[in-house]
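Please read the structure below before turning to the comments.
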Protein chains: 2
Amino acid sequence: MTGHETSEPDLGVLAARVLFSVQRELFTALAEQGFDDIQPRAGAVLAYLRADGIRASELARASGQHKQVIGSLIDDLERLGYVERRPDPADRRAKLICPTERGLLQMEAATSIMRAIEERHANALGKREYAAFKTALHHVADLQRQAD
Amino acid sequence: MTGHETSEPDLGVLAARVLFSVQRELFTALAEQGFDDIQPRAGAVLAYLRADGIRASELARASGQHKQVIGSLIDDLERLGYVERRPDPADRRAKLICPTERGLLQMEAATSIMRAIEERHANALGKREYAAFKTALHHVADLQRQAD
DNA sequence: CCCGAATAGTCACCAATATTGACTATCAAG
DNA sequence: CTTGATAGTCAATATTGGTGACTATTCGGG
(Lines give C-alpha, C1' and ligand atoms only; values in the text may rest on other atoms or scores of the structure.)
Protein backbone atom coordinates (compact mmCIF):
# COMPACT_ATOMS: atom_id res chain seq x y z
CA MET A 1 0.00 0.00 0.00
CA THR A 2 1.63 3.10 -1.21
CA GLY A 3 0.52 6.69 -0.94
CA HIS A 4 4.01 7.98 -1.70
CA GLU A 5 4.82 11.54 -2.60
CA THR A 6 4.11 12.12 -6.25
CA SER A 7 1.86 9.24 -7.25
CA GLU A 8 -1.83 8.95 -6.57
CA PRO A 9 -2.83 7.09 -3.42
CA ASP A 10 -3.52 3.44 -4.19
CA LEU A 11 -6.60 1.32 -3.72
CA GLY A 12 -5.55 0.23 -0.25
CA VAL A 13 -4.82 3.69 1.05
CA LEU A 14 -8.13 4.99 -0.28
CA ALA A 15 -10.05 2.06 1.17
CA ALA A 16 -8.43 2.71 4.52
CA ARG A 17 -9.36 6.38 4.45
CA VAL A 18 -12.95 5.61 3.60
CA LEU A 19 -13.24 2.85 6.17
CA PHE A 20 -11.85 4.75 9.12
CA SER A 21 -13.63 7.95 8.28
CA VAL A 22 -17.00 6.25 7.82
CA GLN A 23 -16.42 4.34 11.02
CA ARG A 24 -15.69 7.52 12.94
CA GLU A 25 -18.73 9.30 11.59
CA LEU A 26 -21.02 6.34 12.20
CA PHE A 27 -20.00 5.78 15.80
CA THR A 28 -20.09 9.48 16.58
CA ALA A 29 -23.64 9.66 15.26
CA LEU A 30 -24.62 6.51 17.13
CA ALA A 31 -23.24 7.97 20.34
CA GLU A 32 -25.29 11.12 19.80
CA GLN A 33 -28.38 8.97 19.48
CA GLY A 34 -27.74 7.32 22.82
CA PHE A 35 -25.67 4.33 21.69
CA ASP A 36 -22.60 5.68 23.41
CA ASP A 37 -21.39 2.47 25.01
CA ILE A 38 -20.24 0.68 21.88
CA GLN A 39 -17.02 1.06 19.91
CA PRO A 40 -16.02 0.46 16.32
CA ARG A 41 -14.51 -2.90 17.12
CA ALA A 42 -17.98 -4.16 18.12
CA GLY A 43 -18.87 -3.58 14.49
CA ALA A 44 -17.51 -7.02 13.71
CA VAL A 45 -20.58 -8.35 15.50
CA LEU A 46 -23.14 -5.57 15.06
CA ALA A 47 -22.63 -5.23 11.31
CA TYR A 48 -23.52 -8.86 10.73
CA LEU A 49 -26.29 -9.35 13.27
CA ARG A 50 -29.60 -10.62 12.02
CA ALA A 51 -32.96 -10.14 13.67
CA ASP A 52 -33.45 -13.91 13.72
CA GLY A 53 -30.00 -14.63 15.12
CA ILE A 54 -26.68 -15.77 13.74
CA ARG A 55 -24.04 -18.14 15.00
CA ALA A 56 -20.84 -16.87 16.59
CA SER A 57 -18.72 -18.87 14.17
CA GLU A 58 -20.63 -17.34 11.29
CA LEU A 59 -19.80 -13.90 12.69
CA ALA A 60 -16.16 -14.93 12.90
CA ARG A 61 -16.15 -16.01 9.28
CA ALA A 62 -18.03 -12.96 8.02
CA SER A 63 -15.90 -10.47 9.92
CA GLY A 64 -12.59 -12.24 9.51
CA GLN A 65 -11.96 -12.17 13.25
CA HIS A 66 -10.92 -15.06 15.43
CA LYS A 67 -13.58 -16.95 17.35
CA GLN A 68 -12.16 -15.73 20.64
CA VAL A 69 -12.41 -12.10 19.64
CA ILE A 70 -16.01 -12.58 18.59
CA GLY A 71 -16.67 -14.40 21.84
CA SER A 72 -15.43 -11.54 23.96
CA LEU A 73 -17.25 -8.96 21.84
CA ILE A 74 -20.43 -10.94 22.43
CA ASP A 75 -19.67 -11.02 26.15
CA ASP A 76 -19.44 -7.23 26.13
CA LEU A 77 -22.53 -6.68 23.99
CA GLU A 78 -24.49 -9.10 26.11
CA ARG A 79 -23.49 -7.24 29.27
CA LEU A 80 -24.54 -3.98 27.61
CA GLY A 81 -27.87 -5.42 26.61
CA TYR A 82 -27.48 -5.44 22.83
CA VAL A 83 -27.55 -9.19 22.21
CA GLU A 84 -28.33 -12.43 23.94
CA ARG A 85 -27.12 -15.97 23.43
CA ARG A 86 -29.82 -18.50 22.72
CA PRO A 87 -29.36 -22.19 22.08
CA ASP A 88 -29.51 -23.05 18.41
CA PRO A 89 -32.34 -25.57 17.95
CA ALA A 90 -30.63 -26.96 14.86
CA ASP A 91 -27.27 -27.73 16.50
CA ARG A 92 -26.74 -28.24 20.18
CA ARG A 93 -23.09 -27.23 19.96
CA ALA A 94 -24.00 -23.82 18.61
CA LYS A 95 -25.59 -20.72 20.08
CA LEU A 96 -27.57 -18.13 18.20
CA ILE A 97 -26.58 -14.54 18.81
CA CYS A 98 -29.82 -12.58 18.75
CA PRO A 99 -30.28 -8.82 19.05
CA THR A 100 -32.33 -7.64 22.00
CA GLU A 101 -34.81 -4.82 21.57
CA ARG A 102 -31.97 -2.38 22.13
CA GLY A 103 -29.88 -4.27 19.62
CA LEU A 104 -32.64 -3.95 17.04
CA LEU A 105 -32.86 -0.21 17.69
CA GLN A 106 -29.11 0.07 17.22
CA MET A 107 -29.28 -1.83 13.95
CA GLU A 108 -31.98 0.48 12.67
CA ALA A 109 -30.06 3.56 13.76
CA ALA A 110 -26.88 2.32 12.09
CA THR A 111 -28.69 1.50 8.88
CA SER A 112 -30.28 4.91 8.81
CA ILE A 113 -26.99 6.74 9.49
CA MET A 114 -25.20 4.77 6.78
CA ARG A 115 -28.03 5.50 4.37
CA ALA A 116 -27.63 9.22 5.09
CA ILE A 117 -23.87 9.04 4.55
CA GLU A 118 -24.30 7.29 1.23
CA GLU A 119 -27.03 9.73 0.18
CA ARG A 120 -24.63 12.57 0.83
CA HIS A 121 -22.10 10.98 -1.50
CA ALA A 122 -24.77 10.22 -4.08
CA ASN A 123 -25.80 13.86 -4.10
CA ALA A 124 -22.21 15.03 -4.39
CA LEU A 125 -21.23 12.65 -7.21
CA GLY A 126 -24.59 12.29 -8.90
CA LYS A 127 -26.93 9.42 -8.14
CA ARG A 128 -26.07 7.59 -11.33
CA GLU A 129 -22.34 7.89 -10.77
CA TYR A 130 -22.59 6.87 -7.15
CA ALA A 131 -24.60 3.79 -8.06
CA ALA A 132 -21.95 2.83 -10.61
CA PHE A 133 -19.25 3.43 -8.02
CA LYS A 134 -20.99 1.25 -5.48
CA THR A 135 -21.40 -1.56 -7.99
CA ALA A 136 -17.75 -1.33 -8.94
CA LEU A 137 -16.69 -1.33 -5.29
CA HIS A 138 -18.74 -4.45 -4.79
CA HIS A 139 -17.04 -6.16 -7.72
CA VAL A 140 -13.60 -5.11 -6.58
CA ALA A 141 -14.32 -6.46 -3.10
CA ASP A 142 -15.46 -9.78 -4.55
CA LEU A 143 -12.54 -10.10 -6.93
CA GLN A 144 -10.09 -9.24 -4.19
CA ARG A 145 -11.47 -11.88 -1.91
CA GLN A 146 -10.74 -14.53 -4.52
CA ALA A 147 -7.21 -13.28 -5.01
CA ASP A 148 -5.82 -13.83 -1.57
CA MET B 1 -21.81 -0.13 9.32
CA THR B 2 -24.37 -2.65 8.39
CA GLY B 3 -24.07 -5.72 6.28
CA HIS B 4 -27.33 -7.17 7.61
CA GLU B 5 -29.19 -10.07 6.08
CA THR B 6 -31.27 -8.83 3.18
CA SER B 7 -29.81 -5.44 2.30
CA GLU B 8 -26.66 -4.78 0.33
CA PRO B 9 -23.47 -4.36 2.30
CA ASP B 10 -22.82 -0.68 2.95
CA LEU B 11 -19.91 1.56 2.06
CA GLY B 12 -18.09 0.81 5.30
CA VAL B 13 -18.37 -2.95 5.03
CA LEU B 14 -17.17 -2.89 1.43
CA ALA B 15 -14.28 -0.57 2.25
CA ALA B 16 -13.26 -2.92 5.05
CA ARG B 17 -13.35 -5.96 2.76
CA VAL B 18 -11.24 -4.24 0.16
CA LEU B 19 -8.76 -2.87 2.67
CA PHE B 20 -8.10 -6.08 4.52
CA SER B 21 -8.02 -8.20 1.41
CA VAL B 22 -5.63 -5.88 -0.39
CA GLN B 23 -3.50 -5.72 2.72
CA ARG B 24 -3.30 -9.48 2.94
CA GLU B 25 -2.40 -9.88 -0.70
CA LEU B 26 0.19 -7.11 -0.60
CA PHE B 27 2.01 -8.38 2.45
CA THR B 28 1.92 -11.96 1.23
CA ALA B 29 3.50 -10.87 -2.04
CA LEU B 30 6.06 -8.72 -0.23
CA ALA B 31 7.00 -11.67 1.96
CA GLU B 32 7.50 -13.82 -1.13
CA GLN B 33 9.87 -11.20 -2.47
CA GLY B 34 11.98 -11.32 0.65
CA PHE B 35 10.32 -8.59 2.69
CA ASP B 36 9.07 -11.10 5.21
CA ASP B 37 9.90 -9.20 8.37
CA ILE B 38 7.27 -6.46 8.10
CA GLN B 39 3.59 -6.57 8.95
CA PRO B 40 0.52 -4.68 7.77
CA ARG B 41 0.65 -2.33 10.75
CA ALA B 42 3.99 -1.02 9.53
CA GLY B 43 2.03 0.20 6.53
CA ALA B 44 1.19 3.32 8.50
CA VAL B 45 4.81 4.31 8.04
CA LEU B 46 5.81 2.52 4.84
CA ALA B 47 2.85 3.76 2.83
CA TYR B 48 3.74 7.39 3.48
CA LEU B 49 7.52 7.23 3.29
CA ARG B 50 9.24 9.52 0.84
CA ALA B 51 12.65 9.02 -0.67
CA ASP B 52 13.72 12.43 0.67
CA GLY B 53 12.37 11.78 4.15
CA ILE B 54 9.28 12.75 6.08
CA ARG B 55 8.73 13.80 9.67
CA ALA B 56 7.31 11.40 12.22
CA SER B 57 4.53 13.79 13.10
CA GLU B 58 3.62 14.05 9.44
CA LEU B 59 3.37 10.26 9.35
CA ALA B 60 1.13 10.38 12.39
CA ARG B 61 -1.18 12.89 10.75
CA ALA B 62 -1.26 11.10 7.40
CA SER B 63 -1.93 7.69 8.88
CA GLY B 64 -4.23 8.79 11.68
CA GLN B 65 -2.11 6.99 14.26
CA HIS B 66 -0.82 8.39 17.53
CA LYS B 67 2.70 9.78 17.65
CA GLN B 68 3.74 7.01 20.02
CA VAL B 69 2.56 4.29 17.69
CA ILE B 70 4.47 5.84 14.81
CA GLY B 71 7.49 6.15 17.05
CA SER B 72 7.54 2.48 17.91
CA LEU B 73 6.90 1.48 14.30
CA ILE B 74 9.91 3.57 13.34
CA ASP B 75 11.93 1.88 16.09
CA ASP B 76 11.05 -1.49 14.57
CA LEU B 77 11.67 -0.45 10.98
CA GLU B 78 14.97 1.12 11.96
CA ARG B 79 16.06 -2.07 13.69
CA LEU B 80 15.07 -4.03 10.58
CA GLY B 81 17.01 -1.70 8.34
CA TYR B 82 14.16 -0.12 6.39
CA VAL B 83 14.48 3.45 7.61
CA GLU B 84 16.79 5.70 9.52
CA ARG B 85 16.26 8.83 11.57
CA ARG B 86 18.14 11.86 10.41
CA PRO B 87 18.08 15.31 11.95
CA ASP B 88 15.80 17.69 10.06
CA PRO B 89 17.97 20.64 8.95
CA ALA B 90 14.92 22.89 8.95
CA ASP B 91 13.82 22.22 12.53
CA ARG B 92 16.07 20.95 15.26
CA ARG B 93 13.14 19.45 17.16
CA ALA B 94 12.22 17.23 14.25
CA LYS B 95 13.75 14.16 12.69
CA LEU B 96 13.38 13.08 9.12
CA ILE B 97 12.45 9.47 8.61
CA CYS B 98 14.36 8.37 5.52
CA PRO B 99 14.18 5.03 3.75
CA THR B 100 17.43 3.09 3.58
CA GLU B 101 18.36 1.25 0.42
CA ARG B 102 16.30 -1.68 1.60
CA GLY B 103 13.45 0.68 2.37
CA LEU B 104 13.59 2.02 -1.15
CA LEU B 105 13.51 -1.49 -2.55
CA GLN B 106 10.48 -2.25 -0.40
CA MET B 107 8.72 0.88 -1.60
CA GLU B 108 9.34 -0.09 -5.21
CA ALA B 109 8.16 -3.64 -4.61
CA ALA B 110 5.00 -2.43 -2.90
CA THR B 111 4.24 0.04 -5.65
CA SER B 112 4.69 -2.64 -8.26
CA ILE B 113 2.49 -5.15 -6.42
CA MET B 114 -0.25 -2.59 -5.95
CA ARG B 115 -0.03 -1.65 -9.60
CA ALA B 116 -0.52 -5.30 -10.52
CA ILE B 117 -3.51 -5.61 -8.22
CA GLU B 118 -5.14 -2.55 -9.69
CA GLU B 119 -4.37 -3.72 -13.21
CA ARG B 120 -6.17 -6.96 -12.47
CA HIS B 121 -9.25 -5.00 -11.42
CA ALA B 122 -8.96 -2.71 -14.42
CA ASN B 123 -8.92 -5.70 -16.72
CA ALA B 124 -11.89 -7.27 -14.97
CA LEU B 125 -14.05 -4.14 -14.92
CA GLY B 126 -12.74 -2.45 -18.05
CA LYS B 127 -10.05 0.17 -17.94
CA ARG B 128 -12.45 3.04 -18.42
CA GLU B 129 -14.79 1.82 -15.68
CA TYR B 130 -11.95 1.19 -13.28
CA ALA B 131 -10.56 4.65 -13.82
CA ALA B 132 -13.99 6.13 -13.11
CA PHE B 133 -14.27 3.96 -10.01
CA LYS B 134 -10.90 5.09 -8.75
CA THR B 135 -11.79 8.74 -9.27
CA ALA B 136 -15.08 8.27 -7.45
CA LEU B 137 -13.34 6.48 -4.58
CA HIS B 138 -10.95 9.38 -4.32
CA HIS B 139 -13.84 11.85 -4.13
CA VAL B 140 -15.70 9.77 -1.58
CA ALA B 141 -12.57 9.57 0.56
CA ASP B 142 -12.12 13.33 0.40
CA LEU B 143 -15.75 14.13 1.12
CA GLN B 144 -15.78 11.71 4.02
CA ARG B 145 -12.75 13.30 5.59
CA GLN B 146 -14.56 16.63 5.69
CA ALA B 147 -17.63 15.08 7.26
CA ASP B 148 -16.15 13.78 10.45
C1' DC C 1 -24.63 -48.53 14.59
C1' DC C 2 -20.05 -46.88 15.72
C1' DC C 3 -15.71 -44.68 15.19
C1' DG C 4 -12.78 -41.01 13.85
C1' DA C 5 -12.53 -36.50 12.10
C1' DA C 6 -14.38 -31.99 12.06
C1' DT C 7 -16.88 -28.15 14.21
C1' DA C 8 -19.02 -24.84 17.96
C1' DG C 9 -17.80 -22.51 21.68
C1' DT C 10 -15.08 -21.51 25.86
C1' DC C 11 -11.00 -21.05 28.98
C1' DA C 12 -6.60 -19.61 30.34
C1' DC C 13 -2.36 -17.78 29.24
C1' DC C 14 0.99 -14.84 26.97
C1' DA C 15 2.37 -11.43 23.44
C1' DA C 16 1.42 -7.39 21.02
C1' DT C 17 -0.82 -2.97 20.76
C1' DA C 18 -3.09 1.20 22.04
C1' DT C 19 -3.85 5.19 25.27
C1' DT C 20 -2.48 8.53 28.57
C1' DG C 21 0.18 11.88 30.84
C1' DA C 22 4.38 13.83 31.65
C1' DC C 23 8.74 15.58 30.12
C1' DT C 24 12.67 18.05 27.30
C1' DA C 25 14.00 20.65 23.48
C1' DT C 26 12.88 23.79 20.12
C1' DC C 27 10.26 27.04 17.58
C1' DA C 28 7.33 31.08 16.52
C1' DA C 29 4.72 35.17 17.72
C1' DG C 30 4.37 39.26 20.08
C1' DC D 1 12.44 37.51 26.61
C1' DT D 2 8.19 35.50 27.62
C1' DT D 3 4.25 32.66 26.37
C1' DG D 4 2.18 29.06 24.05
C1' DA D 5 2.49 25.57 20.60
C1' DT D 6 4.98 21.71 18.46
C1' DA D 7 8.45 17.51 17.77
C1' DG D 8 9.68 13.61 19.75
C1' DT D 9 10.41 10.36 23.63
C1' DC D 10 9.57 7.82 28.02
C1' DA D 11 7.08 5.14 31.14
C1' DA D 12 2.92 3.12 33.03
C1' DT D 13 -1.36 1.15 32.11
C1' DA D 14 -5.20 -0.81 29.82
C1' DT D 15 -6.83 -3.17 26.00
C1' DT D 16 -6.45 -6.34 22.40
C1' DG D 17 -4.81 -10.17 19.82
C1' DG D 18 -3.06 -14.89 19.20
C1' DT D 19 -2.23 -19.76 20.79
C1' DG D 20 -3.23 -24.19 22.36
C1' DA D 21 -6.02 -27.03 25.02
C1' DC D 22 -10.49 -28.68 26.28
C1' DT D 23 -15.68 -30.31 26.20
C1' DA D 24 -19.71 -31.18 23.76
C1' DT D 25 -21.74 -32.26 19.65
C1' DT D 26 -22.27 -33.38 14.80
C1' DC D 27 -21.25 -35.67 10.56
C1' DG D 28 -19.49 -39.07 7.29
C1' DG D 29 -17.66 -43.62 6.09
C1' DG D 30 -17.43 -48.25 6.95
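Everything numeric in this text was worked out from a predicted model, so none of it was measured. By convention in this document, chain letters (A, B, ...) are assigned in the order of the sequence lines, proteins followed by strands, and residues within each chain are numbered from 1.
- Of the candidate nucleotides dA25(C), dT19(C), dG8(D), dA25(C) has the atom lying nearest to any side-chain atom of R93(B).
- Per the geometry, CD1 belonging to I70(B) stands 10 Å off P belonging to dA18(C), to the nearest Å.
- Between L80(B) and R102(B) the shortest heavy-atom distance is O-NH1, 3.1 Å.
- For K95(B), the side-chain atoms get nearest to dG8(D) when compared with the rest of dT10(C), dT17(C), dG8(D).
- At a threshold of 4.0 Å, the pair K134(A)-E8(B) does not count as salt-bridged, since none of the basic side-chain nitrogens sits closer than that to a carboxylate oxygen.
- Side chain of R41(A), nearest nucleotide from dT19(C), dT25(D), dG17(D): dG17(D).
- The interatomic distance linking Q39(A) (CD) with dA14(D) (C1') rounds to 12 Å, in whole Å.
- OP1 or OP2 of dA8(C) has at least one side-chain nitrogen or oxygen of R61(A) nearer than 4.0 Å.
- With distances taken from any side-chain atom of D91(B) to the nucleotides dC27(C), dC11(C), dT9(D), the minimum falls on dC27(C).
- For the OP1/OP2 pair of dG8(D) and a distance below 4.0 Å, the side-chain nitrogens and oxygens of R55(B) include no atom meeting the criterion.
- Comparing atom distances between the Q68(B) side chain and each of dT25(D), dG17(D), dG21(C) picks out dG21(C) as nearest.
- Residue T111(B) is tested with R115(B), E108(B), M114(B) for a side-chain contact (heavy atoms from CB on, under 4.5 Å); the sole match is R115(B).
- In this structure, R92(A) reaches the dT26(D) phosphate: one of its side-chain N or O atoms is under 4.0 Å from OP1 or OP2.
- The S57(B) side chain lies nearest to dG8(D) when the options are dG9(C), dG8(D), dA24(D).
- For the pair I74(B) CD1 and dA7(D) P, the interatomic distance rounds to 13 Å; values are reported in whole Å.
- Remark: R85(A) is not in phosphate contact with dG9(C), judged by side-chain N or O atoms under 4.0 Å from OP1 or OP2.
- Between E78(A) atom CD and dG9(C) atom C1' there is a gap of 13 Å when expressed in whole angstrom units.
- At whole-Å resolution of the value, NZ in K67(B) and P in dA5(D) are 14 Å apart.
- Atom CZ of R85(B) is surrounded by more than 12 heavy atoms from other residues, nucleotides or ligands within 6.0 Å.
- Nucleotide dA7(D) holds its P atom 9 Å from the CD atom of E58(B), rounded to whole Å.
- For H66(B), the side-chain atoms get nearest to dT20(C) when compared with the rest of dT9(D), dT10(C), dT20(C).
- Between L73(A) atom CG and dT10(C) atom P there is a gap of 12 Å when expressed in whole angstrom units.
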Can you list the steps and then say if Y130(B) with N123(B) is a side chain to side chain donor-acceptor pair (under 3.5 Å)? CA-CA 8 Å; Y130(B) 187 76; N123(B) 287 333; over 6 Å; no
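- Here the C1' atom of nucleotide dA8(C) and the CD1 atom of I54(A) are 14 Å apart, to the nearest Å.
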